Amino acid sequence: MNPPATQSVAFKLLQHPRKSRISLTPLIDVVFILLLFFMLSSSFIQWRAVDLQPASHDTASIAMDPDKILYARLTATGELYLFERLWSMAEDAALAVKINQYAHNLIILTPHDENSLQDIIKHSERLAYLGASQVALDMNPSP
Amino acid sequence: MKLSIRKPRTSNNEDNLIPMINVVFLMLIFFMLAGQITASDAFKVSPPTSDSDTLQEKAAIELTLGQADQLAINGKEIALSDLRLELARAIKSDLGAAPITVALKADARMSALQLRSILAEITRISPNSITLYTQRAAL
């Protein structure tokens with residue numbers, strides 16, 4: 001004979017609740033998806049800024065005394081030409097002395113058409129490091 | 001004397017996952033805190049390296065220049081012939097943020113010839129300030 005329905009419910013309520021564990025699998029799924037998202041979309045690059053100062057012969061001569069402007073250029077092979085000669089990286093100390101002797105306000109750097117942007121940045125920073133008060137990039141076509 | 005031999009505890013499979021979950025959580029926290037979520041560029045660009053310590057701030061107009069004459073303005077790819085028009089449009093929409101800075105994200109291998117034509121266009125429309133995105137040289 002089956003017990004009545006009310007008796008069965010009361011019996012179940014008196015029983016100790018079963019210790020149930022939360023399944024970790026859905027949690028791991030979500031965490032992995034979040035991890036993948038952040039790994040693929042995060043960027044750790046710290047961008048640095050370099051001011052580009054484009055100059056043309058006309059604007060430079062209007063704004064400044066032409067005697068206070070030094071003209072440098074880069075050869076097709078990426079060498080620096082200043083004071084009517086080429087300067088290798090090994091001669092930087094001598095070049096720094098020469099730049100500091102010459103009272104100037106601006107060095108206009110004319111890159112060769114074949115020079116890469118990396119070459120231009122490298123030599124602009126090199127001139128600034130050696131004592132150039134200001135370095136501008138020539139916008140006119142290379143000679 | 002009765003020796004009691006302990007039965008090995010039947011471990012739940014999920015218990016073995018806990019160290020892995022710990023590691024995954026740590027990695028998640030690291031990527032969430034240390035990384036920056038940024039929109040990807042319209043095309044691949046390898047910027048030049050420099051010794052500059054100045055951090056690049058968000059510019060009103062961001063021009064991306066690829067090595068193969070690819071050009072994008074604020075993430076939208078455009079043709080070189082449309083540069084002047086698109087630049088003027090972008091400057092017009094950003095008139096509130098004066099002075100307008102144009103940030104260039106250019107490929108390090110880009111030639112001076114390519115750069116010269118782009119810079120000429122930019123200075124014709126916005127002569128205020130041009131900054132170039134660079135990366136620190138690897139030590």
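Throughout, a chain's letter reflects where its sequence line sits, starting with A, and its residues are numbered from 1. Just so it is clear, the structure is predicted and the values come from calculations on it, not from any experiment.
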According to a hydrophobic-cluster definition based on side-chain heavy atoms being under 4.5 Å apart (Ile, Leu, Val, Met, Phe, Trp, Tyr only), do [X] and [Y] belong together?
X        : Y        : answer
A:Leu24  : B:Met20  : yes
B:Phe43  : B:Met110 : no
B:Leu115 : B:Ile78  : yes
B:Val23  : B:Phe31  : yes
A:Leu127 : A:Leu86  : no

Would you call [X] and [Y] a side-chain contact if the rule is heavy atoms closer than 4.5 Å?
X        : Y        : result
B:Leu132 : A:Leu117 : yes
B:Phe25  : A:Leu35  : no
B:Leu28  : A:Val31  : yes

* Out of curiosity, A:Phe38 CZ to B:Ile29 CD1, how far, rounded to the nearest 0.5 Å? ->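 Nearest 0.5 Å value for the CZ-CD1 distance: 11.0 Å.
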* To do: Nearest 0.5 Å please: distance from the CD atom of A:Gln46 over to the CD atom of B:Gln135.
  =>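 Between A:Gln46 CD and B:Gln135 CD, I get 10.5 Å after rounding to 0.5 Å.
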Look at [options] and state which one has the largest set of heavy-atom pairs under 4.5 Å with chain A.
options                              : answer
B:Val24, B:Leu113, B:Thr134          : B:Thr134
B:Gln36, B:Lys105, B:Met27, B:Arg109 : B:Gln36
B:Ala103, B:Ala106, B:Ser111         : B:Ser111

What part of [X] gets within 4.5 angstrom of chain B, counting heavy atoms only: side chain, backbone, both, or neither?
X        : value
A:Leu34  : both
A:Tyr129 : neither
A:Leu52  : both

* Asked: Would you say the side-chain atoms of B:Arg116 pair up with the backbone N or O of A:Asp113, donor to acceptor, closer than 3.5 Å?
  ->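 No, B:Arg116 side chain to A:Asp113 backbone: no donor-acceptor pair under 3.5 Å.
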* **Nearest heavy atoms of A:Arg48 and B:Ser50, plus distance in Å** =>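 Closest approach of A:Arg48 to B:Ser50, heavy atoms only: CB-OG, 4.4 Å.
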* **A:Ser42 to B:Gly35 - nearest heavy-atom pair and separation** =>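 Taking A:Ser42 first and B:Gly35 second, the nearest heavy atoms are CB-CA, 3.8 Å.
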* **A:Phe37 and B:Ile37: CA distance, side-chain angles, deciding distance, side-chain contact (heavy atoms from CB on, under 4.5 Å) verdict** => CA-CA 10 Å; A:Phe37 169 76; B:Ile37 297 175; 4.0 Å; yes
* **Contacting moiety of B:Thr49, where chain A heavy atoms sit under 4.5 Å** =>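 Both parts, backbone and side chain.
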* Do you know which of A:Val50, A:Ile120, A:Ile45 has the most heavy-atom pairs with chain B at a distance under 4.5 angstrom? ->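 When all of A:Val50, A:Ile120, A:Ile45 are compared, A:Val50 has the most.
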* In terms of ring plane angle, is the pair B:Phe30 and A:Phe44 parallel, tilted or perpendicular, where the classes change at 30° and 60°? ->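 Because their plane-to-plane angle is under 30°, the rings of B:Phe30 and A:Phe44 count as parallel.
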